2 protein chains.
Amino acid sequence: MALAEADQPLYEIKANLFKGLAHPVRIRILELLSAAPEVSVAEMLTDMGLEASHLSQHLSVLRRHRLVTSERRGSHVYYRWVSVHGAELLAAARLLLGDLLQSSAEQLQQAATLPPMGTSDVSTVAGGR
Amino acid sequence: MALAEADQPLYEIKANLFKGLAHPVRIRILELLSAAPEVSVAEMLTDMGLEASHLSQHLSVLRRHRLVTSERRGSHVYYRWVSVHGAELLAAARLLLGDLLQSSAEQLQQAATLPPMGTSDVSTVAGGR
DNA sequence: TGACGATTTGACGAACTCATCATATCAATA
DNA sequence: TATTGATATGATGAGTTCGTCAAATCGTCA
């Protein structure tokens, strides 16, 4: 695992990191972990209203991607971010999304103002999809 | 698109953002875009040694996720990050990975020092795959 | 207008991820 | 030791992404 990873270029490792983040439930988990030193599985279940095995599958993905660390104390298991920079990453994403959502709202506004068939320029969202 | 997105919780939007980042080629593209104001497709092709249609498929994903914006000038198309915070996000990921890779290296070192069957603790990578 | 360079899109099989249910495992306790 | 609460794992079908090749589109120029 860590051995195989030593041979990978950084962009592959980075992409792999983002794969671990690429699911709504996992984002919710990590947001909880960003707001507290550690969180128990039971707390997550209550907070998120998921079925235990569904949550556990996602926690397993996070463990596999080495984004979280787990610790069993009695019959309870606690999770935490594996790095202090985890919450920073989510915050950086929030900033980027702030821009995206803002420009998206601006475009919606423009679309409401414009005549039916607008500009021919390729740029931005218009080109997408 | 943007209409549908307005109804989504932020964690879903965030996860979708990370989906757009979850491929090595797309990371490489975005790293190039982080290092220059804009980059043409031709430059990317040269830099990355990909086939044109392969690159284009990935650029299409980035456009669909609204992470990049494109502009055609003559027969050349130029791409840029759609937000100044894009590069920051990649930098934040680099910090997180720095921690992960460091703790990974430390574990490799410990593994080399430890006897065959080590601790029973669930924590960290040992619990992962 | 046809040819050509640059880029995008379409299509399809393979691989991977996700959702969900059943089962197994772990720890505590009577 | 069996039971129970807490959590993890296994299995499987559906959905999505990826890799790759073929074809289409766009802009320029003779």
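Small disclaimer: the values here were computed from a predicted structure and weren't measured. Labels below follow one simple rule: chain letters A, B, ... track the order of the sequence lines, proteins then strands, and each chain is numbered from 1.
For C:dA19, one of the phosphate oxygens OP1 or OP2 lies less than 4.0 angstrom from a side-chain nitrogen or oxygen of A:His23.
Judged by distance alone with a 3.5 Å cut-off, no donor-acceptor contact links the side chain of B:Gln57 to the base of C:dT8.
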Would B:Arg80 and B:Glu71 count as a side-chain contact (heavy atoms from CB on, under 4.5 Å) if you check the C-alpha gap in whole Å, the side-chain angles of each, and the deciding distance to 0.1 Å? CA-CA 9 Å; B:Arg80 83 192 78 225; B:Glu71 182 183 350; 3.0 Å; yes
With side-chain contact (heavy atoms from CB on, under 4.5 Å) as the criterion, how do B:Leu21 and B:Leu67 come out once you've worked through the C-alpha distance, each side chain's angles and the decisive distance to 0.1 Å? CA-CA 9 Å; B:Leu21 297 168; B:Leu67 289 167; 4.0 Å; yes
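In this structure, B:Ile27 atom CD1 and D:dC18 atom P are separated by 11 Å, rounded to whole Å. Protein atom NE2 of B:His58 is 13 Å distant from nucleotide atom P of D:dT17, rounded to whole Å. In this structure, the CD1 atom of B:Ile29 is 12 Å from the P atom of D:dC18, given to the nearest Å. Distance NE2 (B:His65) to P (D:dT16): 12 Å, rounded to an integer number of Å. Rounded to whole angstrom, the span from the CD atom of A:Glu71 across to the P atom of C:dC26 amounts to 18 Å. Note: CG (A:Leu62) to P (D:dT9) measures 13 Å, nearest angstrom. Whole-Å rounding puts the B:Tyr78 OH to C:dA6 C1' distance at 11 Å. Straight-line distance from the CG atom of A:Asn16 to the P atom of D:dT17: 17 Å, rounded to whole Å.
Residues B:Tyr11 and A:Arg26 have side chains that never bring a donor and an acceptor to within less than 3.5 angstrom of each other. Under the 3.5 Å distance criterion, with hydrogens and angles disregarded, no donor-acceptor pair is assigned to the side chains of B:Gln57 and B:His54.
If you check every strand for non-hydrogen atoms under 4.0 Å, A:Tyr79 touches sugar and phosphate atoms only.
Both A:Gly74 and B:Leu59 sit near DNA chain C, but only B:Leu59 has its closest nucleotide nearer the 5' end. Residues A:Arg73 and B:His76 each lie close to DNA chain C; by heavy-atom proximity, the contact nearer the 5' end of the strand is made by B:His76.
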Could you list the donor-acceptor pairs under 3.5 angstrom formed by side chains in residues 92-100 of chain A, with sequence neighbours left out?
unit_1: A:Arg94; atom_1: NH2; unit_2: A:Glu31; atom_2: OE1; d: 3.2
unit_1: A:Asp99; atom_1: OD2; unit_2: B:Ser83; atom_2: OG; d: 2.8

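Look at B:Glu38 and B:Arg73 and you find a salt bridge, because one of the NZ, NE, NH1 or NH2 atoms lies within 4.0 Å of a carboxylate O, short of that distance.
Every side chain to side chain contact (heavy atoms under 4.5 Å, CB included) that B:Ser40 has, sequence neighbours left out, goes to B:Ala42, B:Glu43, B:Tyr78.
Distances from the side chain of B:Arg72 to the nucleotides D:dA8, C:dT9, C:dT7 place C:dT7 closest.
Shown for residues 31-56 of chain B: residues whose heavy atoms fall under 4.0 angstrom of DNA chain C, namely B:Val41, B:Ala42, B:Ala52, B:Ser53, B:Ser56.
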